[in-house]
Amino acid sequence: MIQLTHTPIDFAALTESVRSTQAGAVVLFLGTVREMTQGRQTVALDYDAYPEMAEAKLKELEAEARARWPVIEAGIVHRLGHLELGDVSVAVAVSCPHRHQAFDAGRFLIDRLKEVVPIWKKENWSDGSTEWVHPGTGEAAELSG
Amino acid sequence: MIQLTHTPIDFAALTESVRSTQAGAVVLFLGTVREMTQGRQTVALDYDAYPEMAEAKLKELEAEARARWPVIEAGIVHRLGHLELGDVSVAVAVSCPHRHQAFDAGRFLIDRLKEVVPIWKKENWSDGSTEWVHPGTGEAAELSG
Amino acid sequence: MKTVLKLFARARDLAGSPALELDLPDSATAADLRIALGERVPALEPILSSLLIAVGNDYAAPTTPVAGRTDLAVFPPVSGG
Amino acid sequence: MKTVLKLFARARDLAGSPALELDLPDSATAADLRIALGERVPALEPILSSLLIAVGNDYAAPTTPVAGRTDLAVFPPVSGG
């Protein structure tokens with residue numbers, strides 16, 4: 001399942017959806033909104049996306065993972081909009097016959113998601129300022145998850 | 001949380017228990033009962049343990065993980081008794097500030113669990129035979145998860 | 001040719017608009033689009049060189065033709081997850 | 001000295017018992033225990049060399065003293081997870 005959502009992510013349901021009697025291993029990754037980043041305090045994040053392309057890229061990533069590992073089921077859900085501290089921003093679930101396959105596929109999916117899927121976060125710092133996080137622009141470093 | 005249980009593992013509650021505003025990443029690993037192993041069909045597994053030592057070793061593993069990675073929260077639950085196909089035999093949840101820490105710590109915990117924690121599985125094959133899985137004894141290979 | 005692009009995140013904020021229409025030569029590539037965009041919206045200058053350009057759902061190479069497309073998008077490096 | 005050990009998994013099945021009591025010399029080590037166990041329970045022979053020995057909650061080295069302990073455990077390689 002590939003999904004962008006403005007409501008809280010039901011990671012338990014996502015995990016259930018990838019379980020299978022063909023799989024010996026399930027790996028779930030959650031990205032959650034962390035309070036402290038290099039000494040600065042976050043109070044909230046806002047996520048924006050280019051939805052059509054983001055969904056297309058997520059489907060491509062799932063296909064790439066299936067080509068590289070014996071993935072039984074996979075699901076990726078990314079939340080958009082305003083997130084508070086501790087909220088789940090992204091959930092990646094994958095099942096494979098063996099555990100190292102599931103760990104490798106799960107890590108691949110979240111690593112690549114952060115590189116190629118057109119989604120952006122804006123920091124709401126505790127001093128009241130806001131700042132888009134755009135790695136490599138020299139304006140803000142890649143700080144999350 | 002370290003726990004051995006004879007009832008189904010509530011992996012959603014375990015995952016919730018490791019979430020933290022200090023963490024940007026949560027990794028959950030589930031071991032599940034797989035039907036096919038090298039061409040043989042499993043109908044069920046029975047797990048036995050030396051409970052006191054198993055709990056002590058699980059606590060040691062959590063301490064080792066905390067010494068190696070900035071673990072915010074960690075939990076390991078292993079089920080014992082009779083498990084059907086698809087049932088969750090073990091759940092490992094860990095939260096860390098960053099995702100690679102959480103993946104590495106989670107993989108370490110399940111890898112080491114399978115090496116040192118005194119728990120054993122007995123295969124119930126579809127031909128009606130049963131067989132303890134004891135890696136390296138020359139009697140049965142390490143076949144799971 | 002009339003060429004339409006969407007803008008996202010800080011690029012949208014700096015441009016003050018979620019979309020732009022440019023008139024580009026028939027031969028225009030993604031590299032040409034970047035230059036034209038900098039001339040049209042000087043406020044994008046601080047991030048112009050790092051902007052990503054997408055044609056449909058795919059990232060464009062500098063040589064990818066873009067003139068006349070209405071499914072272009074321009075945005076800074078992504079930060080989801 | 002009276003020495004008590006628990007057995008698990010296939011070791012318990014082969015021995016037909018979850019626990020055994022052995023009389024070992026005061027100087028007996030884990031290595032000595034393995035030999036004594038093989039003599040006492042010949043059925044364990046197929047897995048004797050691979051059996052793990054624990055003292056309390058820790059794995060024993062071959063030189064670990066075991067005589068007189070009542071918190072010993074003997075079991076085949078683990079397969080949890």
Side-chain angles (χ1 to χ4, degrees), chain A residues 10-16 18-38 41-45 72-73 84-111 113-114 121 142-145, chain B residues 10-16 18-38 41-45 72-73 84-111 113-114 121 142-145:
Chain A
D10 186 345
F11 61 82
L14 181 70
T15 306
E16 284 292 352
V18 304
R19 287 176 60 186
S20 164
T21 59
Q22 296 174 259
V26 172
V27 167
L28 170 71
F29 171 81
L30 301 181
T32 59
V33 180
R34 194 181 59 235
E35 182 168 16
M36 299 305 296
T37 295
Q38 299 182 344
Q41 188 180 15
T42 297
V43 295
L45 293 178
I72 308 298
E73 300 289 348
E84 305 286 343
L85 290 185
D87 283 352
V88 176
S89 54
V90 62
V92 175
V94 61
S95 60
C96 290
H98 298 280
R99 71 186 184 282
H100 289 299
Q101 301 158 347
F103 274 107
D104 288 346
R107 194 188 290 229
F108 166 85
L109 286 169
I110 185 63
D111 283 355
L113 182 154
K114 286 172 163 273
K121 66 164 71 72
E142 158 62 293
L143 304 169
S144 98
Chain B
D10 185 345
F11 60 81
L14 181 70
T15 305
E16 284 291 352
V18 304
R19 286 176 60 186
S20 164
T21 59
Q22 296 174 258
V26 172
V27 166
L28 170 71
F29 171 82
L30 301 181
T32 58
V33 180
R34 195 181 58 235
E35 181 168 15
M36 300 305 296
T37 295
Q38 298 181 345
Q41 188 180 15
T42 297
V43 295
L45 293 178
I72 308 297
E73 300 289 347
E84 305 287 342
L85 290 185
D87 284 353
V88 176
S89 55
V90 62
V92 174
V94 62
S95 60
C96 290
H98 298 281
R99 70 186 184 280
H100 289 298
Q101 301 157 349
F103 274 107
D104 288 346
R107 193 188 291 229
F108 166 85
L109 286 169
I110 185 62
D111 283 354
L113 182 154
K114 286 171 164 275
K121 67 164 68 73
E142 158 61 293
L143 303 171
S144 98

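In what follows, chains are A, B, ... by sequence order, proteins preceding strands, each numbered from 1.
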Q: Hey, can you tell me if B/Phe103 and A/Phe103 have their rings parallel, tilted or perpendicular (30° and 60° cut-offs)?
A: perpendicular
Q: Give a yes or no on whether the backbone of A/Glu35 and the side-chain of B/Thr21 come within a donor-acceptor separation of less than 3.5 Å.
A: no
(Q) For B/Gln22, which atoms come within 4.5 Å of any heavy atom of chain A: side chain, backbone, both, or neither? (A) backbone
Q. How would you list, by chain and number, every residue that makes a side-chain contact (heavy atoms from CB on, under 4.5 Å) with B/Asp104, sequence neighbours excluded?
A. A/Arg107, B/Trp69
Q. Looking at B/Ala23, B/Cys96, B/Ala12, which makes the most heavy-atom pairs under 4.5 Å with chain A?
A. B/Ala23
Q. B/Val27 versus chain A, heavy atoms under 4.5 Å apart: side chain, backbone, both or neither?
A. both
(Q) Quick check: closest heavy atoms across A/Phe29 and B/Ala25, and the distance to 0.1 Å? (A) CE1-CB, 3.6 Å
**Q.** Option in B/Leu85, B/Asp111, B/Val33, B/Thr42 with maximal non-hydrogen atom pairs under 4.5 Å from chain A
**A.** B/Asp111
Please report, to 0.1 Å, the donor-acceptor pairs under 3.5 Å made by any side chain of residues 86-94 of chain B, with sequence neighbours excluded.
{"from": "B/Asp87", "atom 1": "OD2", "to": "B/Glu84", "atom 2": "N", "distance (Å)": "2.8"}
{"from": "B/Ser89", "atom 1": "OG", "to": "B/Gly31", "atom 2": "O", "distance (Å)": "3.2"}
{"from": "B/Ser89", "atom 1": "OG", "to": "D/Gly81", "atom 2": "O", "distance (Å)": "3.2"}

